[in-house]
K.L.:
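I am attaching a structure below and will ask some questions about it afterwards.
We use all heavy atoms of the structure for the numbers below, so side chains are in, but hydrogens, waters and symmetry mates are not.
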Amino acid sequence: MTLPQIESLAIIAGMLLLFLSDRLRYDLVGATALSVAALLGVVPADKAFAGFSSPVIIIIASVLVISRAVAVSGLIEMWMRRILRRLDSTTLQVGALTAAVTFLSAFVKNVGALGVFMPVAIQAAEQRKRPVSRYLMPLAFGSLIGGTITQIGTSPNILISEVRQQVVGKPYGLFDYTSIGLPLSVVAIAFLALGWRLLPANRRGQRSAEKRFSIEDYTSEVLLPDDSPMVGKTVGELEAMGEGTMSVAAIIREESHRYVPRSHWTLFAADVLVLQGDPAALQPVIDQAGLELLNAEQLEQLRPHGKEDDLEAVEAVVGPTSLLIGRTPKGLHLRQTYEVNVIAVRTNRRAAQRLSERRFEPGDIIVLQGRTTALGDALERLSLLPLAERNLAIGRPRTRALPLLILGAALVAITAGWVNVEVGFFVAATVILLLRLITVREAYEAIDWPVIVMLGCLIPVGESLKDTGTAKLLADGLTVVAAQLPGTLAVGLILVVSMLVTPFLHHAAAVLVMGPVAAVVAKNLGFGPDPFLMAVAFGAACDFLTPIGHQNSTLVMRPAGYRFGDYWRLGLPLSVLVAIAGTWLIVWSWPLG
């Protein structure tokens, strides 16, 4: 064993200990590993930061931006809510939600897909007074499986493509994983639709920051236009769209007559509806019902002007010295003077006045809409106290189908070979920002920067395993065991080892360590590298045994109140299923010869 090999093994062992101790963030673990490797010369100085120029970094960051735009559009969420209204049993609801998040994970980053459906699942469980813990883990596991259908759904698939580039000189294509991931996903969905019964029903989740700071019973005014699908429908049907999150407090007709409606009242075109509810919950109803936020025709005056400008909404409290006290939005000429709109108000008293004519009092809470550059100035000049920041979509125009169309165009261009993967998704993310489908700030928030830093650091460390001969050293040891097995079981061994290593490292680090090792094992056994590389990718992507191997498993832990040991209940049988079915599918799709 040479000195560089000893140093490489020591670095890998140190990484393992640091990941296990959980005392350092994983991006710092990656930075530490690269620093030590560069200082020892295991990673040459001229290659130390080559990981940050890797196509992997561009693909992951771009897909996360696209995923945020798809989530913000609300289109998929709206479709899912409509479907869930027609399903009542837990099995059908969990099955439908799991199938939706699984297949969406094939085309957007799986963590983004999970973020779209988590609020829908929590609301569906709470409405029927069912444990949230029965819903969220199947969703998380479905998103992990679904990410394996294409190259872009999960980081292990993207990274193993990079490893293949190093081994055979050519990366995997976008859909080279589909013949394995798609049937495996169907099997997993069927299991998870029934397997929720293995999960405890007595767990109580922690309320999210969004929910802890939410303030109910805001009042907003919307117009029912002629082309709304709700014209001729009843108040009760409109309220049913909100699924308990909003109510119609009043209807204003003939410009000034205010009526308190009953649920059977019919809605007519040009009605002004006074809606009560949380602003974060009102926007989906406004979109689905085709309503228009009052004064929407004047919002063009608030459109972003400069390159640093975006249209945003912010919650604020009317302070004791605020200029709003005793005055109305109309009297203050808020739009003309301060370039902001008041689009929702919460107050402790009943008010018969229209929103624009309501006099403010200390303690009132309002939602202001305006340009980023104008909002801060307006808050200061009006002596308003901003509340905890939330991603409020109310009042922001949505182009629902456009993010999906852009994503579809990118997939077509990549599949047809017109552009390579990283260029296709980078262009798609850029177009989304140029069209202002999400704000630049939202784009930067969508990118998981600690993961980007960790990958940039660990890619050259992973390459050093091959360059120093350490991968061959580890592979020779693994070959001794694999040589005693038939080829199919040898592939299964690599898949299971990758699955077991992932909780102790990180799914990305597991691929970068196991990928070069698996390629050498395949060579030692006289097989092609592809089935063994695929086994690494699928094993690292399918960590169901702990909440720490993948951020999706961690993401559902607090909202559902899971304990560490709960993951074994559903994760162990699913892992066995994936190991058996996955091994057979890999060998069938990528023959050993």
Side-chain angles (χ1 to χ4, degrees), residues 1-2 4-6 8-9 12-13 16 148 151 156-173 176-181 183-184 459 461-505 507-543 575-593:
M1 188 182 298
T2 65
Q5 290 174 343
I6 294 173
S8 292
L9 289 173
I12 298 301
L16 179 60
T148 64
Q151 184 182 18
N157 283 7
I158 300 172
L159 290 166
I160 206 66
S161 181
E162 177 81 2
V163 174
R164 189 178 193 258
Q165 171 76 48
Q166 299 166 12
V167 173
V168 302
K170 184 180 179 182
Y172 287 117
D176 281 348
Y177 312 81
T178 307
S179 58
I180 307 167
L184 195 61
I459 286 172
V461 174
E463 290 179 5
S464 72
L465 294 179
K466 177 171 65 70
D467 295 339
T468 60
T470 307
K472 185 178 186 308
L473 188 68
L474 294 172
D476 288 344
L478 199 53
T479 301
V480 174
V481 178
Q484 309 305 314
L485 303 172
T488 298
L489 292 184
V491 172
L493 174 66
I494 296 296
L495 190 151
V496 171
V497 170
S498 300
M499 195 180 285
L500 294 176
V501 165
T502 298
F504 302 109
L505 293 170
H507 61 278
V511 173
L512 293 172
V513 171
M514 285 296 300
V517 172
V520 177
V521 169
K523 184 178 179 181
N524 290 346
L525 296 176
F527 297 129
D530 286 317
F532 291 82
L533 294 179
M534 283 288 177
V536 171
F538 278 80
C542 297
D543 170 36
S575 296
V576 173
L577 185 64
V578 167
I580 295 172
T583 299
W584 183 84
L585 285 167
I586 288 170
V587 175
W588 174 74
S589 301
W590 297 88
L592 290 167

K.L.:
Check whether any side-chain heavy atom of Tyr177 lies under 4.5 Å from a side-chain heavy atom of Ser161, and answer yes or no.
P.N.:
yes
K.L.:
If you round to the nearest 0.5 Å, how far is OG of Ser464 from CD1 of Ile459?
P.N.:
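It comes to 12.5 Å.
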K.L.:
To the nearest 0.5 Å, what is the distance between CE (Met514) and OG1 (Thr502)?
P.N.:
9.0 Å
K.L.:
Take Leu512 and Val461, measure what side-chain contact (heavy atoms from CB on, under 4.5 Å) needs, and give me the verdict at the end.
P.N.:
CA-CA 8 Å; Leu512 293 172; Val461 174; over 6 Å; no
K.L.:
Rounded to the nearest 0.5 Å, what's the gap from OG1 on Thr178 to CD on Gln151? Could you check?
P.N.:
10.5 Å
K.L.:
For the residue pair Val501 and Val513, establish whether any side-chain heavy-atom pair is separated by less than 4.5 Å.
P.N.:
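No. Closest side-chain heavy atoms not under 4.5 Å.
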K.L.:
Please enumerate all residues that pass side chain to side chain contact (heavy atoms under 4.5 Å, CB included) together with Gln166, with sequence neighbours excluded.
P.N.:
Glu162, Glu463, Lys466
K.L.:
Provide the closest heavy-atom pair for Ser179 versus Ser589 in the form atom of the first, atom of the second, distance.
P.N.:
OG-OG, 3.0 Å
K.L.:
Taking only residues two or more places apart in sequence, or in another chain, which ones meet Asp530 in a salt bridge (Lys or Arg N to Asp or Glu O under 4.0 Å)?
P.N.:
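Asp530 satisfies salt bridge (Lys or Arg N to Asp or Glu O under 4.0 Å) with Arg164 once adjacent residues are dropped.
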K.L.:
My understanding is that only residues two or more places apart in sequence, or in another chain, count here; which of them pass side chain to side chain donor-acceptor pair (under 3.5 Å) with Thr583?
P.N.:
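For Thr583, no residue satisfies side chain to side chain donor-acceptor pair (under 3.5 Å) once neighbours in sequence are set aside.
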K.L.:
Locate the shortest heavy-atom distance separating Trp590 from Ile180; write the atom from each residue and the value.
P.N.:
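Result for this residue pair: CD1-CD1, 3.8 Å.
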K.L.:
Show the nearest heavy-atom pair for residues Val167 and Ala519, with the distance to one decimal.
P.N.:
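Residues Val167 and Ala519, closest heavy atoms: CG2-CB, 3.8 Å.
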K.L.:
Provide the closest heavy-atom pair for Val168 versus Pro529 in the form atom of the first, atom of the second, distance.
P.N.:
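Between these two residues, the closest heavy atoms are CG1-CG, 3.8 Å.
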K.L.:
Under the salt bridge (charged side-chain N to carboxylate O under 4.0 Å, His left out) definition, can you give me all pairs with a residue in residues 476-495, not counting sequence neighbours?
P.N.:
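Every salt bridge (charged side-chain N to carboxylate O under 4.0 Å, His left out) pair that includes a residue of residues 476-495, provided the two are not neighbours, is Lys472-Asp476.
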K.L.:
Grab the two heavy atoms, one from Gly181 and one from Thr148, that are nearest each other, plus how far apart they are.
P.N.:
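Heavy-atom minimum between the residues: CA-OG1, 3.6 Å.
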K.L.:
Go through the structure and list residues passing side chain to side chain contact (heavy atoms under 4.5 Å, CB included) with Ala535, not counting sequence neighbours.
P.N.:
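Side chain to side chain contact (heavy atoms under 4.5 Å, CB included) list for Ala535, sorted by chain: Val491, Ile494, Leu495, Ile586.
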K.L.:
Please, which pairs that meet side chain to side chain donor-acceptor pair (under 3.5 Å) have at least one residue in residues 479-495, sequence neighbours excluded?
P.N.:
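Of all non-adjacent pairs touching residues 479-495, those that pass side chain to side chain donor-acceptor pair (under 3.5 Å) are Thr479-Asn524.
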K.L.:
Under the ring pair (Phe, Tyr, Trp, His ring centres under 6.0 Å) rule, collect the residues that match up with Phe538, sequence neighbours excluded.
P.N.:
none
K.L.:
Write down the atom of Met499, the atom of Ser575, and the distance for their closest heavy-atom approach.
P.N.:
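That would be SD-CB, 3.8 Å.
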K.L.:
With sequence neighbours left out, write down each residue that passes side chain to side chain contact (heavy atoms under 4.5 Å, CB included) with Ala490, or none if nothing qualifies.
P.N.:
Ala482, Leu525, Phe532
K.L.:
With a 4.5 Å cut-off on side-chain heavy atoms, are Leu159 and Val163 touching?
P.N.:
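No. Closest side-chain heavy atoms not under 4.5 Å.
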K.L.:
Only one of Ile158, Asn157, Leu533 forms a side chain to side chain contact (heavy atoms under 4.5 Å, CB included) with Tyr172, so which one is it?
P.N.:
Leu533
K.L.:
Kindly write out the residues that satisfy side chain to side chain contact (heavy atoms under 4.5 Å, CB included) with Thr468, not counting sequence neighbours, or none if the list is empty.
P.N.:
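Applying side chain to side chain contact (heavy atoms under 4.5 Å, CB included) to Thr468 gives Pro4, Ser8, Val42, Thr470.
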